[in-house]
Amino acid sequence: MYRSLLVTVIASIAIASLMVKRSPLSAIASPLHSHSGRTASDRPSVPSIATGAIATPEAPEIARAISVRILTATGSGSGAIVARQGQTYTVLTNHHVIADGSAQGYSLITPDGQMQTAWHVPVAQFADLDLALVQFTSANRYRVAAIAHPDTVSLGETLYAAGFEAWHFTSNGNTLVSVEDTRQWGIRAFRLTTGRMQMRSPRSLVGGYEIGYTNDVVQGMSGGPVLTQNGELIAINGKLKYPFLGIRAFIFADGSMPSPQLFAQMESLSWAIPITKFQNPVNSTPNRRGL
């Protein structure tokens with residue numbers, strides 16, 4: 001009953017968005033879940049920052065190879081494989097993706113379509129960040145993301161955003177034809193969008209968001225990777241364009257809000273948390289030797 005009601009609500013929102021000439025997908029513009037408390041734990045090792053990469057046409061294939069789908073009791077999200085130790089893989093995602101999880105863990109779908117059981121790995125330093133780690137074990141070998149410092153990407157450069165859409169909208173012109181829950185689609189819900197880096201906020205937004213980019217990101221892609229044109233991970237998706245909360249969705253970590261002029265620029269962009277927040281949550285200084 002809950003998911004049927006949710007489909008009805010989302011369909012109504014999508015229809016309203018079409019009436020104002022906006023994409024129905026842009027109406028779904030806020031995280032699925034809220035934050036909850038976390039406890040301390042050791043942080044798993046992560047790959048060192050990749051340097052000297054050569055541009056490759058394989059970036060879309062890399063995006064698919066490192067992206068996983070996370071299913072919770074009431075929703076779904078995405079994640080990026082960032083480390084492997086033996087048969088244990090570590091996935092970086094948004095905390096709001098897993099916030100409704102239980103002690104039984106989560107269902108996670110790997111790039112080859114295999115269903116895995118995953119569990120949350122608490123990290124004390126993530127207390128003020130919309131980031132979380134989950135792990136799973138598998139005898140299969142999966143690609144681990146190569147990491148690049150966001151400062152290596154200039155404004156205007158191409159970025160790829162990947163993840164798994166939670167809802168699939170079909171429209172005919174400005175008429176919404178159907179809304180379909182993709183929970184049973186598995187990895188067929190994978191979505192990759194191309195855009196460019198548009199803004200770097202000098203101050204972090206609540207949750208650690210700093211990178212504004214033009215890619216379309218839809219509900220369910222939260223936690224998915226943002227990659228350079230070389231296929232390197234620089235950030236994690238998390239905030240969608242045109243959020244319901246308006247300017248209140250862009251509160252800075254110090255409690256202040258942007259000017260109306262700045263907000264007008266920010267709300268038209270998707271927002272991501274730079275990977276440096278993961279590598280060093282305290283001061284975000286890159287560790288080029290890895291952790």
Can you name the closest pair of heavy atoms from Ala162 and Met221 and give their distance? C-CE, 3.7 Å
Test side-chain contact (heavy atoms from CB on, under 4.5 Å) applied to Trp119 and Thr137, step by step: CA-CA 10 Å; Trp119 59 92; Thr137 60; 3.6 Å; yes
Does the side chain of Pro258 reach to within under 4.5 Å of the side chain of Ile247, using non-hydrogen atoms? yes
Would you say Thr170's side chain and Leu176's backbone share a donor-acceptor pair under 3.5 angstrom? no
Sub-4.5 Å side-chain heavy-atom contact between Arg191 and Phe164: no
Under 3.5 Å donor-acceptor, Thr152 side chain and His149 backbone: yes
May I ask you to check whether Arg69 and Thr182 show a side-chain donor-acceptor distance below 3.5 Å? yes
Closer than 3.5 angstrom, by distance alone: can the side chain of Asp130 be matched with the main-chain N or O of Gly207 as a donor-acceptor pair? no
Any donor-acceptor N/O pair, Thr228 side chain to Glu232 backbone, under 3.5 Å: yes
Does Arg200 have any salt bridge (Lys or Arg N to Asp or Glu O under 4.0 Å) partners at least two apart in sequence or in another chain, and if so, which? Asp151
Does the side chain of Lys239 come under 3.5 Å of the side chain of Ser222 through a donor N or O and an acceptor N or O? no
Out of curiosity, Tyr106 OH to Thr72 OG1, how far, rounded to the nearest 0.5 Å? 8.0 Å
Expected output: side-chain Thr193 to main-chain Asp216 donor-acceptor under 3.5 Å: yes
Just by distance, do the side chain of Thr93 and the backbone of Ser78 share a donor-acceptor pair under 3.5 Å? yes
Grab the two heavy atoms, one from Arg203 and one from Phe252, that are nearest each other, plus how far apart they are. NH2-CE1, 3.1 Å
Carefully, step by step, assess Glu165 and Val218 under the rule side-chain contact (heavy atoms from CB on, under 4.5 Å). CA-CA 6 Å; Glu165 61 180 358; Val218 300; 3.7 Å; yes
What are the two closest non-hydrogen atoms of Pro150 and Thr276, and how far apart are they? CD-CG2, 3.8 Å
Point-to-point distance, once rounded to the nearest 0.5 Å, from CG of Leu131 to CD1 of Ile275: 7.5 Å
If you count heavy atoms of other groups shown closer than 6.0 angstrom to CG of Asn172, is the number above 12? no
Determine the minimum heavy-atom distance between Val68 and Pro111, stating which atoms define it. CG1-CD, 4.1 Å
I'd like to know if the side chain of Trp271 reaches the main chain of Met266, judged simply by a donor and an acceptor atom lying under 3.5 Å from each other, with no hydrogens or angles considered. yes
Does His96 offer a backbone N or O that forms a donor-acceptor pair with the side chain of Asn94 under 3.5 Å? no
Less than 3.5 Å apart, any donor N or O on the side chain of Ser201 or Glu210 sitting next to an acceptor on the other? no
Are a donor atom and an acceptor atom from the side chains of Gln135 and Thr90 found within less than 3.5 Å of each other? yes
Are Tyr142 and Thr110 linked by a side-chain donor-acceptor pair shorter than 3.5 Å? yes
By ring pair (Phe, Tyr, Trp, His ring centres under 6.0 Å), Phe263 pairs with (sequence neighbours left out) Phe250
From Ile109 CD1 over to Ser67 OG, what is the distance, rounded to the nearest 0.5 angstrom? 12.5 Å
Output for pair (Ile251 CD1, Tyr209 OH), nearest 0.5 Å, gives 14.0 Å
Give the ring-plane orientation class for Trp185 versus His168, where under 30° counts as parallel, over 60° as perpendicular and anything between as tilted. tilted
Return the set of residues passing salt bridge (Lys or Arg N to Asp or Glu O under 4.0 Å) with Arg248 (not counting sequence neighbours), or none when no residue passes. none
Heavy-atom distance under 4.5 Å between the side chains of Ser204 and Lys277, does that happen here? yes
Supply the atom-to-atom distance Gln198 CD to Ser270 OG, rounded to the nearest 0.5 angstrom. 11.5 Å
Ser268 vs Lys241 side-chain heavy atoms within contact, under 4.5 Å: no
Least distance between heavy atoms, Val153 atom then Glu157 atom: CG1-CB, 3.7 Å
Using only heavy-atom distances, determine whether the side chains of Thr74 and Asp100 contain a donor-acceptor pair under 3.5 Å. yes
Using a 3.5 Å distance criterion without hydrogens, assess whether the side chain of Asn237 forms a donor-acceptor pair with backbone atoms of Ala272. no
Stepwise side-chain contact (heavy atoms from CB on, under 4.5 Å) check, Leu159 with Asn215: CA-CA 8 Å; Leu159 293 179; Asn215 305 58; 4.1 Å; yes
Evaluate the side-chain proximity of Thr214 to Leu269: yes if any heavy-atom separation is below 4.5 Å, no if none is. yes
Out of curiosity, Glu58 CD to Glu61 CD, how far, rounded to the nearest 0.5 Å? 6.5 Å
Is it true that Gln219 and Trp167 share a donor-acceptor pair across their side chains at a distance under 3.5 Å? yes
So do Ile234 and Pro274 actually touch side chain to side chain, heavy atoms under 4.5 Å? no
Are side-chain heavy atoms of Val91 and Val82 found at a separation under 4.5 Å? no
Counting only heavy atoms not in Arg141, do more than 12 fall under 6.0 Å of its CZ? no
Restricting to non-hydrogen atoms, name the atom on Ala59 and the atom on Tyr160 that form the minimum distance, rounded to 0.1 Å. CB-CE1, 3.5 Å
Return yes if some donor-acceptor pair links the side-chain N/O of Asp181 with the main-chain N/O of Arg183 below 3.5 Å, else return no. yes
Might you work through the side-chain contact (heavy atoms from CB on, under 4.5 Å) test for Val226 and Met197, ending with a clear yes or no? CA-CA 10 Å; Val226 179; Met197 183 181 288; over 6 Å; no
Side chains of Leu133 and His120: closer than 4.5 Å at any heavy-atom pair? no
